[in-house]
*Asks:* 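Take this structure first; my questions come after.
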Amino acid sequence: MSASESHENSLATTASPHPDAPSANELPEGWLAIESMDIDSQGVARRPDGKVVFIEGALPGELVSTSVHRKKNNWEAGVVTAVHRASSQRVRPGCPHFGLHAGACGGCKMQHLHPAAQVAVKQRVLEDNLWHLGKVKAEMLLRPIEGPAWGYRYRARLSVRFVHKKGEVLIGFHERKSRYVADMQTCAVLPPAVSALLMPLRGLIFGMDARETCPQIELACGDSVIAMVLRHLEPLSEDDLARLRAFGAAHGVQWWLQSKGPDTVKLLDEGGPLLSYALPEFGITMPFKPTDFTQVNPHINRVLVARALRLLDAQPHERVIDWFCGLGNFTLPIASQAGEVMGIEGSEVLVARSRENLVRNQAGRQAPLAPTQFAARNLFEMTPGLLVADGVAHKWLVDPPREGAFALAKAVADLHQQPELRGNWRAPQRIVYVSCNPATLARDAGLLVHQGGYRCTAAGVINMFPHTAHVESMAVFEREEASPS
């Protein structure tokens, strides 16, 4: 999404004016009253003529001055230069690299806002998107899912750059609105053990022969393993491999190497502990490779899976389909409750991993998992015919990427409106939809509610990424008719 598209979207989804915001005509010249916060964590104000101004670093309820750096016909964008009246929710950022100053890290946008207020902003973003984009209002708001505000990010892609002018290696996220790597010495959202490795890692790469041809380190933490994938553009020398091994032994890092695409990722040395995470409530352990998709925040993921399954309420006689199933993060827990489960995913690699995880988790269980199948399919090309071919399921779990599940929702809507296409197929009685993009959730919700015969009975946010503008959410859709037998 371009900056212009982002601002235009914000014009449609900004929250109602803050109750403490005075009229623009009542303020000293040059001051602005911040009415709300947009989906990019910018304060939103209006000039006396009604023109909207998006202001980085400003919070709802504040009176500020700003430096405008972009102007369009119906909006402007700028950066706060002075806060004349601060919000009661403004807090001291927890990271020295956060801010609006030159060289500031761009990894977080909301550290100046109290974590509880961040969640409230995200809840409003979800509600506004559902209504403005989908014309849907949830019958009940779910209590937000929250967890640790710091040290939660178990996955990250850290850029690596040897900077000749500085004579040193930088490792971290990009600077705010820049292609340059921020000069990060610590990171408060990474696990403390990983944050403490940033400076040693800089020393490691600086001392390597390949210091100019290693552009990225991908971090993936399991419950007991810190895995790091070193992207290298040229073959590594034996000396560099020895340096990696010594670093790994000294700091407890499991090194993986990536010479080209994701399919080239391999362990530096075979053996060692398994990279995995557990879902103890369901007796599930999920091994994964560091480049597989897993949730960034394991603390939230455990709560997320538990709530999704409570809302799904799968019964021993029911068949459930888990769309966009990935490694089986929801599929295998569902199989501990349902009568039959099918997981469908676009990636053949992840489907193979799901099958391996199913076999691993079946072994030694007191109560076996339900019969479970996995299939690989392009879910962005779903049609009514393909949907009917997958058979009747009592309930669905849908967990798509940012693009959402439009083709799936459209196929359901088409089958609802064209009974001649259905045959004996029946739509699921309940759908639990887990989303990482409130805009595409709202679009799909509009289809399900206005064309698919569903009600949106509940929705709420999941604060998977504290201090960032990312909004994760969950919605529940119900049909009135009885579930299929």
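This one's a predicted model, so the numbers in the text were calculated from it and none came from an experiment. Every heavy atom of this structure was used, including side-chain atoms; hydrogens, water molecules and symmetry mates were not.
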*Asks:* Counting only N and O atoms by type, is there a donor-acceptor contact under 3.5 Å from the side chain of Gln254 to the main-chain atoms of Pro273?
*Replies:*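 Such a contact is found between Gln254 side chain and Pro273 backbone.
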
*Asks:* With the side chain counted from C-beta on, respond yes when Phe247 and Leu197 share a heavy-atom pair under 4.5 Å apart, and no when they do not.
*Replies:*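 Of all side-chain heavy-atom pairs linking Leu197 with Phe247, at least one is under 4.5 Å.
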
*Asks:* For side chain to side chain contact (heavy atoms under 4.5 Å, CB included), just list the numbers for Val44 and Phe54, CA-CA rounded to whole Å, side-chain angles, deciding distance to a tenth of an Å, and then say yes or no.
*Replies:* CA-CA 5 Å; Val44 182; Phe54 298 98; 3.9 Å; yes

*Asks:* I want to check something: taking the side chain as every heavy atom from C-beta on, are Leu379 and Leu408 in contact at a cut-off of under 4.5 Å?
*Replies:*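 Counting from C-beta outward, Leu379 and Leu408 never come under 4.5 Å.
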
*Asks:* Does a salt bridge link Asp390 with Arg319, judged by any charged N lying under 4.0 Å from a carboxylate O?
*Replies:*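 Result for this pair is no, no salt bridge flagged.
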
*Asks:* Tell me, yes or no, whether the heavy-atom count around Arg360 atom CZ, taken from other residues, nucleotides or ligands under 6.0 Å, exceeds 12.
*Replies:*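 Atom CZ in Arg360 is not packed in, count stays at 12 or less.
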
*Asks:* Between Lys122 (side chain) and Asn463 (backbone), is there a donor-acceptor pair under 3.5 Å?
*Replies:*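 No.
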
*Asks:* Nearest 0.5 angstrom please: Glu340 CD to His394 NE2, how far?
*Replies:*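 If we round to the nearest 0.5 Å, Glu340:CD and His394:NE2 are 9.5 Å apart.
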
*Asks:* With heavy-atom distances below 4.5 Å as the criterion, would you say the side chains of Leu158 and Phe173 are in contact?
*Replies:*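 Yes; the side chains approach each other to less than 4.5 Å.
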
*Asks:* Establish, from distance only, whether the side-chain atoms of Gln315 and Asp313 form a donor-acceptor pair under 3.5 Å.
*Replies:*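 On atom types as modelled, these side chains qualify, holding a pair under 3.5 Å.
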
*Asks:* Taking it one step at a time, do Phe282 and Gln337 satisfy side chain to side chain contact (heavy atoms under 4.5 Å, CB included)?
*Replies:* CA-CA 9 Å; Phe282 306 98; Gln337 299 178 351; 3.6 Å; yes

*Asks:* Kindly give the heavy-atom pair with the smallest separation between Ile334 and Val341, and that separation in Å.
*Replies:*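 So the two residues come closest at CG2-CG2, 3.8 Å.
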
*Asks:* Do Glu472 side-chain atoms and Phe465 backbone N/O form a donor-acceptor pair below 3.5 Å?
*Replies:*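 Side chain of Glu472 to backbone of Phe465, a donor-acceptor pair under 3.5 Å: no, none is there.
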
*Asks:* Do the side chain of Ser354 and the main chain of Gly326 share a donor and acceptor less than 3.5 angstrom apart?
*Replies:*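 Answer holds: yes.
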
*Asks:* Using 30° and 60° as the class limits, which term best fits the ring planes of Tyr433 and Phe477: parallel, tilted or perpendicular?
*Replies:*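 The arrangement is perpendicular - the two ring planes meet at more than 60°.
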
*Asks:* To the nearest 0.5 Å, tell me how far Trp323 CH2 sits from Asp399 CG.
*Replies:*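 So the CH2 of Trp323 and the CG of Asp399 are separated by 14.0 Å.
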
*Asks:* For the residue pair Gly404 and Phe324, what are the closest heavy atoms and their distance?
*Replies:*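 Between these two residues, the closest heavy atoms are O-CZ, 4.0 Å.
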
*Asks:* State whether Lys137 and Glu127 are salt-bridged, where the test is any N-O pair (Lys NZ or Arg NE/NH1/NH2 against Asp/Glu carboxylate O) under 4.0 Å.
*Replies:*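 No.
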
*Asks:* Would you say Phe380 has more than 12 foreign heavy atoms packed within less than 6.0 Å of its CZ?
*Replies:*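 Yes, because the 6.0 Å sphere around CZ of Phe380 holds more than 12 heavy atoms from other groups.
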
*Asks:* Which heavy-atom pair separates Trp255 from Gly248 by the least distance, and what is that distance?
*Replies:*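 Minimum heavy-atom separation between Trp255 and Gly248: NE1-N, 3.8 Å.
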
*Asks:* Aromatic rings Tyr277 and Phe288: how do their planes relate, parallel, tilted or perpendicular, breaks at 30° and 60°?
*Replies:*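 Rings of Tyr277 and Phe288: tilted, as their planes differ by 30° to 60°.
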
*Asks:* Does some side-chain heavy atom of Tyr454 sit less than 4.5 Å from a side-chain heavy atom of Pro428?
*Replies:*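 Yes, at least one pair of side-chain atoms sits under 4.5 Å.
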
*Asks:* Do you see a donor-acceptor pair shorter than 3.5 Å between the side chains of Thr294 and Arg155?
*Replies:*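 Yes - a donor-acceptor pair under 3.5 Å links their side chains.
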
*Asks:* If I compare all heavy atoms of Arg243 with all of Leu204, which pair ends up nearest, and what's the gap?
*Replies:*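 Arg243 and Leu204 have their closest heavy atoms at O-CD1, 3.8 Å.
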
*Asks:* How long is the gap from CD on Gln185 to CZ on Arg202, to the nearest 0.5 Å?
*Replies:*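 If we round to the nearest 0.5 Å, Gln185:CD and Arg202:CZ are 6.0 Å apart.
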
*Asks:* For the OG1 atom of Thr331 and the CG atom of Asp322, what is their distance to the nearest 0.5 Å?
*Replies:*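 Those atoms lie 3.5 Å apart.
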
*Asks:* For Leu130 and Ala445, work out which heavy atoms get closest and say how close.
*Replies:*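 Nearest pair, atom of Leu130 first, then Ala445: CD2-CB, 4.0 Å.
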
*Asks:* Using the rule given for side chain to side chain contact (heavy atoms under 4.5 Å, CB included), can you reason through Leu244 versus Met208, listing the C-alpha separation, both sets of side-chain angles and the distance that settles it, and then say yes or no?
*Replies:* CA-CA 9 Å; Leu244 291 173; Met208 290 175 60; 4.3 Å; yes

*Asks:* Calculate, to the nearest 0.5 Å, the distance between atoms CG and SG belonging to Leu350 and Cys325 respectively.
*Replies:*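 The distance works out to 8.0 Å.
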
*Asks:* Please confirm whether the backbone N or O of Gln42 pairs with a side-chain atom of Asp40, one donor and one acceptor, at under 3.5 Å?
*Replies:*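 Here the side-chain-to-backbone pair does not exist.
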
*Asks:* Within a strict 4.5 Å, meaning less than it, do heavy atoms of the Arg70 and Trp75 side chains meet?
*Replies:*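 Yes. Closest side-chain heavy atoms under 4.5 Å.
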
*Asks:* Could you tell me whether a side-chain N or O of Arg231 sits under 3.5 Å from a main-chain N or O of Ser259, the two making a donor and an acceptor?
*Replies:*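 The answer is yes, because a donor-acceptor pair under 3.5 Å joins these two groups.
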
*Asks:* If we only count heavy atoms from C-beta on, is the His467 to Trp150 side-chain gap below 4.5 Å?
*Replies:*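 The answer is yes, as the side chains (C-beta and beyond) meet within the 4.5 Å cut-off.
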
*Asks:* Determine, stepwise, if the pair Arg353 / Glu345 fulfils salt bridge (charged side-chain N to carboxylate O under 4.0 Å, His left out).
*Replies:* CA-CA 11 Å; Arg353 204 96 73 237; Glu345 163 61 42; over 6 Å; no

*Asks:* Near Glu403 CD, under 6.0 Å, is it more than 12 heavy atoms from other residues, nucleotides or ligands?
*Replies:*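 Enclosed.
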
*Asks:* Indicate yes or no: does Glu318 engage Arg430 in a salt bridge with an N to O separation below 4.0 Å.
*Replies:*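 Salt bridge between Glu318 and Arg430, a charged N being under 4.0 Å from a carboxylate O: no.
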
*Asks:* Quick one: does Gln111's side chain have a donor or acceptor within less than 3.5 Å of a partner on Gly94's backbone?
*Replies:*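 Yes, Gln111 side chain to Gly94 backbone: donor-acceptor pair under 3.5 Å.
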
*Asks:* For Arg245, does the CZ atom have more than 12 heavy-atom neighbours from other residues, nucleotides or ligands under 6.0 Å away?
*Replies:*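 Yes, because the 6.0 Å sphere around CZ of Arg245 holds more than 12 heavy atoms from other groups.
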
*Asks:* Minimum heavy-atom separation for Phe98 and Cys108, please, with both atom names.
*Replies:*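 Closest approach of Phe98 to Cys108, heavy atoms only: CE1-O, 3.4 Å.
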
*Asks:* Tell me if a side-chain donor or acceptor on Thr213 pairs with a main-chain N or O of His232 at a distance below 3.5 Å.
*Replies:*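 Looks like no, no N/O pair under 3.5 Å.
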
*Asks:* Step by step, work out the side chain to side chain contact (heavy atoms under 4.5 Å, CB included) result for Leu230 and Ile205.
*Replies:* CA-CA 10 Å; Leu230 180 65; Ile205 302 297; 4.2 Å; yes

*Asks:* Are Arg302 and Glu281 within salt-bridge range, i.e. N to O under 4.0 Å?
*Replies:*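 Looking at Glu281 together with Arg302, the answer is no, because their closest N to O distance does not fall below 4.0 Å.
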
*Asks:* Once you round to the nearest 0.5 Å, how far does CG of Leu397 lie from CE of Met474?
*Replies:*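 Reported value, rounded in 0.5 Å steps: 8.0 Å.
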
*Asks:* May I ask you to decide if Arg402's main-chain N or O and Thr440's side chain share a donor-acceptor pair within less than 3.5 Å?
*Replies:*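 Yes; judged by distance alone, with no hydrogens or angles, the pair exists.
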
*Asks:* Do the side chain of Asn129 and the main chain of Val125 share a donor and acceptor less than 3.5 angstrom apart?
*Replies:*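 Yes, because the side chain of Asn129 sits within donor-acceptor range (under 3.5 Å) of the backbone of Val125.
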
*Asks:* Is Lys166 close to Asp183 at the side-chain level, that is, under 4.5 Å between some pair of heavy atoms?
*Replies:*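 Result yes, sub-4.5 Å side-chain heavy-atom pair found.
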
*Asks:* State, with a plain yes or no, whether a side-chain heavy atom of Ser336 is found less than 4.5 Å away from one of Leu369.
*Replies:*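 When only atoms from C-beta onward are counted, Leu369 and Ser336 do touch, with a gap below 4.5 Å.
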
